[in-house]
Amino acid sequence: MDRPPPPSLTDHDADGLVFNSSFDHANLKHAERARDGAWDLTMAKDAENTSNEKRSSTWFYFRVRDEREGPKRQARFRFAGMARQGQLYKHGHRPVVRRMKDKQQLGNEKCWSTLTGSGGWKRLNNCSYRDQGDRTGDLQFDYLFGEKGDEVEFAFCFPYAYEESLATHREVLKRVTGDIVVYNELLCFSAEGRRIEMLTVTDNHGADKREEDLLYDHADVASTSHLFPEVRDGTATRPPRYPEKAEVIISARVHPGETPASFVLDGLLELLLRPDDRRAKVLRRNYVFRFIPQLNPDGVHRGHYRHDSYGVNLNRVYWPSPDSEKAPAQAALMVLAKAASTRPKGLALFVDLHAHASKRGVFIYGNHLEDTEQHIENRLYALLLSVNSSHFDYHACNFSKEHMLRCDGPSAATPGASAEGSARVACMRYTGLARAYTLECNYNCGRLTNNVPKASGEGAQRGASPERPATITPEPFTPDSWREVGRALGASLLDVAGTNPWDRVKQSRYKNVQLARRFIEDQTVRKRAGAVALAVHSVARMSSLRTRKAARESTSTEDIRKLAADARRAVAAARPKEKEEVTLPRLPITKRGRKATSKVRAALRMNAANVGRATFVASRSR
């Protein structure tokens, strides 16, 4: 489906500086020289010049060539009216810059194919940002060009364009050796006809003679007629089945401007492709990994920040049933998850990768699970990530029901849209999977870095990274920082299963996975015990008010005794059931819980006094 192209510049000369933004992933619609000598720039909004135009105007990416005469090479660039991002810039976020010569030396679109390094990009030394009263912000930065004809690129954060993603993963396929098996399939086409590819990584152990099917059996989730078009027309075949292996699904870039997600994906991919790494061997032997690197290629190509070409936030369309015409990749992702969950070994892990502009660090949004055991296992994976990654902040994770079911506020780009439509919530509902997550990475830095203990096990000192100390002044993130988080996704999966040959948990504060599980159990029980005590206090208080009023109106002792019995029953009904009473007393209650319990006792004593010395004995509170 054709959409009007986004506003862009092609060799636009603005007083000696030539601007260009008519390339993949770019965003700059206007540039002119101001009276004070600076160059005023304007970026395009998501889906600009359409009826679905959005306010999102954070992502910028453009090229500048200096054609000025004379010795002066300093230039000042200024964005006005961009979307407000004060929380990001006040913690030191700076745009990035790259010389075109460096990009060419790295292979242009293949610049990320080594799965290491920063692709020639560097953060600027300084910039200034100021929030405005109309929910916009102004950004200003300086740059010193080298010589006449020098051409550079500027971007909001380290770019990872659509064509770069395709070129990178095709180059990776050429380096596969040994028993490593990698398949690159055309999963489907986007709404604008761009390829959405899927990488499958495992080893050749346990391969079945039968090929994977076309997932016809899961049309109840979404239409499957658009999946694997090259297989349907006979130009490709599907990989073999691996019935003895569980599956892992990793997806990225449903929000086009969230480029850190691509580097996290590459980090896990790089670990899996190591031929001699013992962790990689165990992962390939036990799991089939499915990677969908570009869930929104149309938005990425157009230089959008959060939406597709129709102005839709695609992370709100997964539930109850994604439309395979308007959101083909989202429909395909849920069909893949449902299909994996019905296979013999099931779906072991689902992670949708994102980036965050306001909350610092790397953290997880997980689903709220009522079952205590599932809830503990859900959080355990996040805790183990903090053992394996310097940058993962376990205490920043959110597993609350409120966050899981929240609706976007009126200031959001899609007001009223529910988080129930996000990938992780929909995956949990389609498959019942406890470990379905949204992984968020800040564009700039974290609050601190963890102590990552040294790995133990045969060959760990040679193959695994060394111990890394904790710090309270973290450095700005680089692509390698995000890749390290990706590698931790794989190591933590091995820890959960108890199969990590290079184990870091033994050297951590938790000593083993069982004690880490008990740590989360303690946290969970204390939190729920505090909530129970507050509920009991609330019911006791309401009961006290009703009993006092009724006691003043009663004339007989028998009536007062009945009122007291009613109050006792109300408090008892608010207490946990028998199953919880076995669990909760095992651990001390938090300070909040003790305070609430003392209020319960005081309320019950007040009740007894107000009903004329009637017998009203409260059972002992925890």
Side-chain angles (χ1 to χ4, degrees), residues 185-191 195-200 210-232 238-239 241-243 245-255 287-298 308 310 312-354 365-369 374 378 404-405 417-438:
E185 299 180 87
L186 173 60
L187 180 61
C188 60
F189 288 104
S190 71
R195 292 175 65 91
I196 298 173
E197 297 184 348
M198 178 176 70
L199 292 173
T200 300
R210 296 172 298 168
E211 292 182 358
E212 297 257 9
D213 58 30
L214 296 178
L215 310 182
Y216 289 119
D217 296 339
H218 305 288
D220 57 321
V221 174
S223 173
T224 61
S225 59
H226 67 299
L227 300 182
F228 308 109
E230 291 180 341
V231 178
R232 293 176 187 275
R238 295 226 58 206
R241 301 183 185 187
Y242 294 87
K245 296 183 181 183
E247 294 197 17
V248 175
I249 297 177
I250 309 292
S251 61
R253 302 297 291 278
V254 70
H255 293 148
Y287 300 98
V288 175
F289 287 83
R290 314 278 192 190
F291 295 94
I292 299 92
Q294 297 274 344
L295 283 172
N296 186 358
D298 297 341
D308 70 351
Y310 290 88
V312 177
N313 177 359
L314 292 176
N315 200 35
R316 292 293 182 268
V317 304
Y318 289 99
W319 181 266
S321 182
D323 189 324
S324 60
E325 292 187 6
K326 296 180 180 178
Q330 287 60 45
L333 185 62
M334 290 299 103
V335 171
L336 287 170
K338 179 65 174 179
S341 69
T342 61
R343 291 176 182 140
K345 292 294 183 177
L347 181 61
L349 179 68
F350 176 92
V351 185
D352 188 32
L353 304 173
H354 288 255
Y365 289 141
N367 294 316
H368 176 80
L369 304 173
Q374 280 194 321
N378 190 19
M404 174 180 160
L405 303 179
S418 172
E420 290 181 275
S422 65
R424 79 168 192 279
V425 178
C427 179
M428 185 267 291
R429 291 187 168 171
Y430 285 126
T431 68
L433 178 67
R435 293 195 176 101
Y437 305 108
T438 300

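The shown structure was predicted, so the numbers you read here are calculated from the model rather than taken from an experiment.
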Audit row: His255, Asn313, side-chain contact (heavy atoms from CB on, under 4.5 Å) steps and yes/no: CA-CA 8 Å; His255 293 148; Asn313 177 359; 2.7 Å; yes
message: Could you check whether any side-chain heavy atom of Asp213 comes within less than 4.5 Å of a side-chain heavy atom of Arg241, counting everything from C-beta outward?
response: yes
query: Tell me, do Leu333 and Ile249 make a side-chain contact under 4.5 Å, heavy atoms counted?
result: yes
- request: For side-chain contact (heavy atoms from CB on, under 4.5 Å), just list the numbers for His354 and Val254, CA-CA rounded to whole Å, side-chain angles, deciding distance to a tenth of an Å, and then say yes or no.
  value: CA-CA 8 Å; His354 288 255; Val254 70; 3.3 Å; yes
Heavy-atom pair with the smallest gap, counting every atom of Arg316 and Ser418: CD-O, 2.9 Å
Flag side-chain contact, heavy atom, 4.5 Å: Thr200 against Arg290: yes
task: Kindly give the heavy-atom pair with the smallest separation between Ser324 and Ser223, and that separation in Å.
output: OG-CB, 3.3 Å
Shortest non-hydrogen contact between Met404 and Val425, atoms and distance: CG-CG2, 3.8 Å
- request: Work out which heavy atom in Ala327 is nearest to a heavy atom in Leu314; give both atom names and the distance.
  value: CB-CD2, 4.0 Å
message: Walk me through whether Phe189 and Ile196 qualify under side-chain contact (heavy atoms from CB on, under 4.5 Å).
response: CA-CA 6 Å; Phe189 288 104; Ile196 298 173; over 6 Å; no
message: Measuring only between side-chain heavy atoms, which start at C-beta, is Phe289 closer than 4.5 Å to Leu199?
response: no
message: What's the separation between atom OG in Ser341 and atom CE in Met428, rounded to the nearest 0.5 Å?
response: 13.5 Å
- prompt: Nearest 0.5 Å, what's the CG-CD distance between Leu433 and Gln374?
  reply: 9.0 Å
query: Taking all atoms of both residues into account, what is the closest heavy-atom pair of Asp308 and Lys326, and its distance?
result: OD2-O, 4.3 Å
- prompt: How many angstroms lie between CZ in Phe350 and CZ in Arg435, if you round to the nearest 0.5 Å?
  reply: 15.5 Å
field: CZ-SG distance between Arg424 and Cys427, expressed to the nearest 0.5 angstrom
entry: 11.0 Å
- prompt: Between the main-chain N or O of Pro320 and the side-chain N or O of Tyr430, is there a donor-acceptor pair closer than 3.5 Å?
  reply: yes
- request: Evaluate side-chain contact (heavy atoms from CB on, under 4.5 Å) for Leu347 paired with Glu247, printing each intermediate quantity in order.
  value: CA-CA 5 Å; Leu347 181 61; Glu247 294 197 17; 4.3 Å; yes
query: Which distance, rounded to the nearest 0.5 Å, do you find between the CZ of Phe228 and the CG of Leu215?
result: 5.0 Å
query: Between Lys245 and Val288, is there a donor-acceptor pair closer than 3.5 Å when you use the side chain of the first and the backbone of the second?
result: no
query: Do Asn296 and Arg253 have side chains that get closer than 4.5 Å, going by heavy atoms?
result: no
message: With side chain to side chain donor-acceptor pair (under 3.5 Å) as the test, pick out the partner of Arg238 among Glu211, Glu230, Glu185.
response: Glu185
- prompt: Counting N and O atoms only, with roles assigned by atom type, does the side chain of Asn367 sit under 3.5 Å from a partner on the main chain of Ala434, one being a donor and the other an acceptor?
  reply: no
query: So how far is it from Tyr318 OH to Met334 CE, rounded to the nearest 0.5 Å?
result: 6.0 Å
query: Using a distance-only test with no angle check, is there a side-chain donor-acceptor pair under 3.5 angstrom linking Ser251 and Asp352?
result: yes
Flag, side chain of Ser321 to backbone of Val221, donor-acceptor distance under 3.5 Å: yes
field: His226 side chain to Pro328 backbone, donor-acceptor under 3.5 Å
entry: yes
- request: Locate the shortest heavy-atom distance separating Pro344 from Pro243; write the atom from each residue and the value.
  value: CB-O, 3.5 Å
